[in-house]
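What's counted below: heavy atoms across the whole structure, side chains too, no hydrogens, waters or symmetry copies. Since the structure is predicted, the reported quantities are computational estimates derived from the model, not experimental observations. Throughout, residue positions are numbered sequentially from 1 according to the sequence presented.
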Amino acid sequence: MEDEFGLEAKFYDKIWGKYDYDSDVKFLDSLFKEHNCKRIIDVGCGTGNHAIRLSKLGYEVTGVDISQTMLKIAKEKDKGAKIRFIQGDMRKLQRAVPKDEKFDAAICLGQAFSSLITNREINAFLGGLHSILKKNGLFVFNARNARKIDEDHLSKLILDHIITEEEIQLLLLNYNTRHPRNRNIIVWRPIYLMKENEKMDLQLREHKLRWFHFPALKKMLTENRFGVKATYSGNKKEAFKEHEHADMWFVTIAK
């Protein structure tokens, strides 16, 4: 089976890996210490940038991702081989995680939660996650606020990134649109123009990412037995304001 995120995995750390993961982990570390969390599951772990940092702080970390290529890169980066990486679908966590295993906390950061397009997928994920968390286990995740979709970045060809290295050159363009049947779903269309080892290649990809209305998402969490402890606009613990912030960072407790 083709890896849907294989091409993104290849360039992930060169492009999106420049993100400030250290600030995220500082935020998570303070929460985990407050709630006495030791065993963490990172859902949608990608190339392991959060998981590896948490492991170095002494947490027992399991990373789950659907992409074989992402996990291969993550394992290569985990020099101490301390993290257990598992290939699995976040909508079917019970199948990925060994039976009767429980975690103190779970994280789902980056664009992972946004890949849950339908309410059915969200409920499947939250239900599966609840079953592998301890009672009062912590679940921290981020999502995008549908009220703050930036129309200026839609239906336009936008230069995203340029990589110029000896063996590879890459021009990454984006052409994003709203989904015709659901205006809260953004269709992300990255266009990769590559020259690698003197060979030219053009790849067009398409991924759907959902943005959420805060009240509806909070209701789904409650219905799946997650109590919302706090909602921030990011990892600086600034209170989320629906009409101001594009990012929602939820800190929730499994009831």
Side-chain angles (χ1 to χ4, degrees), residues 4-5 7-8 11-12 15-21 23-24 27 43-44 46 49-50 65-67 90-91 107-126 129 139-162 171-192 203-224 226 228 230-252:
E4 182 184 357
F5 299 98
L7 187 58
E8 281 71 31
F11 298 110
Y12 193 92
I15 299 175
W16 301 284
K18 306 301 182 184
Y19 173 79
D20 183 10
Y21 292 95
S23 292
D24 283 2
F27 165 79
V43 182
N49 290 311
H50 288 109
D65 203 278
I66 200 169
S67 168
M90 64 191 295
R91 297 162 297 187
I107 63 172
C108 184
L109 299 174
Q111 297 282 11
F113 195 86
S114 293
S115 67
L116 300 168
I117 301 303
T118 66
N119 288 357
R120 182 175 181 177
E121 289 179 336
I122 294 165
N123 289 328
F125 167 60
L126 292 176
L129 183 65
F139 173 40
V140 183
F141 73 101
N142 67 318
R144 301 287 277 168
N145 179 11
R147 284 185 174 270
K148 300 299 289 183
I149 293 175
D150 188 352
E151 299 292 342
D152 289 339
H153 284 80
L154 297 179
S155 302
K156 293 178 182 177
L157 191 62
I158 296 175
L159 175 62
D160 187 290
H161 206 85
I162 298 174
L171 180 69
L172 173 60
L173 302 167
N174 285 334
Y175 186 80
N176 304 330
T177 61
R178 289 184 187 262
H179 193 279
R181 291 190 297 276
N182 187 334
R183 289 178 57 78
N184 295 328
I185 294 174
I186 301 301
V187 184
W188 173 42
R189 296 185 181 89
I191 304 166
Y192 299 87
Q203 295 280 342
L204 282 70
R205 313 287 277 185
E206 182 174 298
H207 303 287
K208 297 180 181 67
L209 299 171
R210 181 174 174 179
W211 294 49
F212 297 87
H213 286 288
F214 174 72
L217 183 51
K218 187 175 180 180
K219 182 181 178 184
M220 279 190 278
L221 287 163
T222 302
E223 289 172 347
N224 283 280
F226 285 94
V228 177
T231 313
Y232 301 115
S233 64
N235 59 30
K236 305 302 182 187
K237 293 190 176 180
E238 177 187 8
F240 169 73
K241 296 178 182 176
E242 191 177 358
H243 297 283
E244 293 184 17
H245 300 126
D247 288 307
M248 304 180 278
W249 285 56
F250 284 85
V251 179
T252 71

Chemist: Is there a side-chain contact between I149 and R178, using heavy atoms and a 4.5 Å cut-off?
Modeler: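 Yes; the side chains approach each other to less than 4.5 Å.
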
Chemist: Does the side chain of P190 come within less than 4.5 Å of Y175's, by heavy atoms?
Modeler: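 Sidechains of P190 and Y175: no contact.
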
Chemist: Quick one: list whatever passes ring-ring contact (aromatic ring centres under 6.0 Å, His included) with H207, sequence neighbours left out.
Modeler: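 Here the qualifying residues are F5, W188.
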
Chemist: In the structure I gave you, are the side-chain heavy atoms of S67 and E8 within less than 4.5 Å of one another anywhere?
Modeler: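 The answer is no, as the side chains (C-beta and beyond) never meet within the 4.5 Å cut-off.
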
Chemist: Once rounded to the nearest 0.5 Å, what's the spacing between atom CD of E206 and atom CD1 of I191?
Modeler: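 One gets 11.0 Å once the value is rounded to the nearest 0.5 Å.
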
Chemist: Heavy atoms only: give me the nearest A143-L217 pair and the separation to one decimal.
Modeler: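 Minimum heavy-atom contact is CB-CD2, 3.9 Å.
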
Chemist: Could you walk me through whether L154 and I186 satisfy the side chain to side chain contact (heavy atoms under 4.5 Å, CB included) test, starting with their C-alpha distance in whole Å, then the side-chain angles of each, then the deciding distance to 0.1 Å, before giving a yes or no?
Modeler: CA-CA 9 Å; L154 297 179; I186 301 301; 4.0 Å; yes

Chemist: Measure the shortest side-chain to side-chain distance between L171 and L159 over non-hydrogen atoms and say whether it is less than 4.5 angstrom.
Modeler: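 Yes, side chains in contact.
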
Chemist: Can you name the closest pair of heavy atoms from L126 and M220 and give their distance?
Modeler: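 Nearest pair, atom of L126 first, then M220: CD1-O, 4.0 Å.
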
Chemist: Does either side chain, that of R144 or that of N184, offer a donor lying less than 3.5 Å from an acceptor on the other one?
Modeler: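 Checked: R144/N184 side chains show no N/O donor-acceptor pair below 3.5 Å.
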
Chemist: Looking at K208, E4, R210, M90, which one forms a side chain to side chain contact (heavy atoms under 4.5 Å, CB included) with S115?
Modeler: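 Only match with S115 under side chain to side chain contact (heavy atoms under 4.5 Å, CB included): M90.
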
Chemist: Check the side chains of D247 and N142 for a donor-acceptor pair under 3.5 angstrom, ignoring hydrogens and angles.
Modeler: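 On atom types as modelled, these side chains do not qualify, holding no pair under 3.5 Å.
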
Chemist: Heavy atoms only: give me the nearest E242-P215 pair and the separation to one decimal.
Modeler: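 Between these two residues, the closest heavy atoms are OE2-CD, 3.5 Å.
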
Chemist: With distance as the sole criterion, is a donor-acceptor pair present between the side chains of D24 and Y19 under 3.5 Å?
Modeler: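 The criterion, which ignores hydrogens and geometry beyond distance, is satisfied for Y19 and D24.
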
Chemist: Is there a donor-acceptor pair under 3.5 Å between the side chain of N174 and the backbone N or O of I158?
Modeler: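 Absent.
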
Chemist: Considering all heavy atoms of both residues, which atom of C108 and which atom of F139 are nearest to each other, and what is their separation?
Modeler: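 That closest heavy-atom pairing would be CB-CE1, 3.9 Å.
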
Chemist: Starting from the C-alpha separation in whole Å, work towards a yes-or-no answer on side chain to side chain contact (heavy atoms under 4.5 Å, CB included) for I117 and N182.
Modeler: CA-CA 10 Å; I117 301 303; N182 187 334; 5.9 Å; no

Chemist: Please report the closest heavy-atom contact between A112 and V43, naming both atoms and the distance.
Modeler: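 Smallest heavy-atom distance, with atoms named: CB-O, 4.0 Å.
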
Chemist: Run the numbers on L116 and R91 for side chain to side chain contact (heavy atoms under 4.5 Å, CB included), then give the verdict.
Modeler: CA-CA 8 Å; L116 300 168; R91 297 162 297 187; 3.6 Å; yes

Chemist: Relative to each other, are the rings of F214 and F240 parallel, tilted or perpendicular (30° and 60° limits)?
Modeler: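 Aromatic pair F214/F240 classed tilted.
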
Chemist: Mind checking the CE-OG1 spacing from M248 to T231? Nearest 0.5 Å is all I need.
Modeler: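 It is 8.5 Å, given to the nearest 0.5 Å.
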
Chemist: Measuring from atom NZ of K156 to atom CD of E151, what distance do you get when rounded to the nearest 0.5 angstrom?
Modeler: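 Going from the NZ atom of K156 to the CD atom of E151 covers 10.0 Å.
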
Chemist: For A246 and K148, work out which heavy atoms get closest and say how close.
Modeler: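 So the two residues come closest at CA-CB, 3.8 Å.
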
Chemist: Counting heavy atoms not belonging to R183, are there more than 12 under 6.0 Å from its CZ?
Modeler: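 Not buried by this count: 12 neighbours or fewer within 6.0 Å.
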
Chemist: First locate atom CZ of F27, then atom CD1 of I107, and finally report the distance between them rounded to the nearest 0.5 Å.
Modeler: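 One finds 10.5 Å between CZ of F27 and CD1 of I107.
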
Chemist: Are I122 and F113 close enough, and set up right, to give a side chain to side chain contact (heavy atoms under 4.5 Å, CB included), and what steps lead you there?
Modeler: CA-CA 8 Å; I122 294 165; F113 195 86; 4.1 Å; yes

Chemist: Could you grab the distance from atom CG of N49 to atom CG of L109, nearest 0.5 Å is fine?
Modeler: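 If we round to the nearest 0.5 Å, N49:CG and L109:CG are 11.5 Å apart.
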
Chemist: Picking from F250, F226, Y232, what satisfies ring pair (Phe, Tyr, Trp, His ring centres under 6.0 Å) with F141?
Modeler: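 It is F250; the other options fail the test.
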
Chemist: Taking side chain to side chain donor-acceptor pair (under 3.5 Å) as the test, write out the residues that go with T177, two or more places apart.
Modeler: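 Counting only residues at least two positions away or on another chain, T177 forms a side chain to side chain donor-acceptor pair (under 3.5 Å) with R189.
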
Chemist: Any side-chain heavy atom of L209 within less than 4.5 Å of one from N176?
Modeler: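 No. Closest side-chain heavy atoms not under 4.5 Å.
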
Chemist: State the NZ-CG distance between K219 and N119, to the nearest 0.5 angstrom.
Modeler: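 Reported value, rounded in 0.5 Å steps: 10.0 Å.
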
